[in-house]
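What follows is a single structure, written as structure tokens, with notes after it.
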Amino acid sequence: QIPEITDTQVKTIKDAETAMGDALEEIKKPKPLGERIQNTLDRAKTTMDLLSGSVASAVVLGTSLAQLAERALKLF
């Protein structure tokens with residue numbers, strides 16, 4: 001069972017998802033900038049670290065990062 005998350009945690013998760021979306025947009029470019037992708041993913045990780053201890057956030061982050069990594073591997 002996933003524990004309930006607060007409105008603040010929801011906002012934090014959405015912020016991280018936005019950062020990962022930014023990284024995806026960079027990956028889709030003809031000449032993606034690896035540094036920009038890395039910085040954006042670092043920002044997402046830092047954001048999610050604010051939720052340390054939350055199982056729900058770990059699941060969301062893990063799933064999102066796995067999807068992002070899969071797409072990145074296809075490009076490189």
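Numbering starts at 1 and runs along the sequence shown.
- Listed here is the closest heavy atom pair of Leu33 and Glu26: N-OE2, 2.8 Å.
- One finds no salt bridge joining Lys11 and Asp7 here, because no Lys/Arg side-chain nitrogen approaches an Asp/Glu carboxylate oxygen to under 4.0 Å.
- One finds the OG1 atom of Thr18 at 8.0 Å from the CZ atom of Arg43 (value rounded to the nearest 0.5 Å).
- A salt bridge is absent between Arg36 and Asp22; no separation between the charged side-chain nitrogens and carboxylate oxygens falls under 4.0 Å.
- The two residues Ile37 and Ala23 make their nearest non-hydrogen contact at CG1-O, 4.2 Å.
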- request: Any chance you could lay out the side chain to side chain contact (heavy atoms under 4.5 Å, CB included) test for Glu17 and Ile13, step after step, and finish with the verdict?
  value: CA-CA 6 Å; Glu17 288 176 340; Ile13 291 169; 3.9 Å; yes
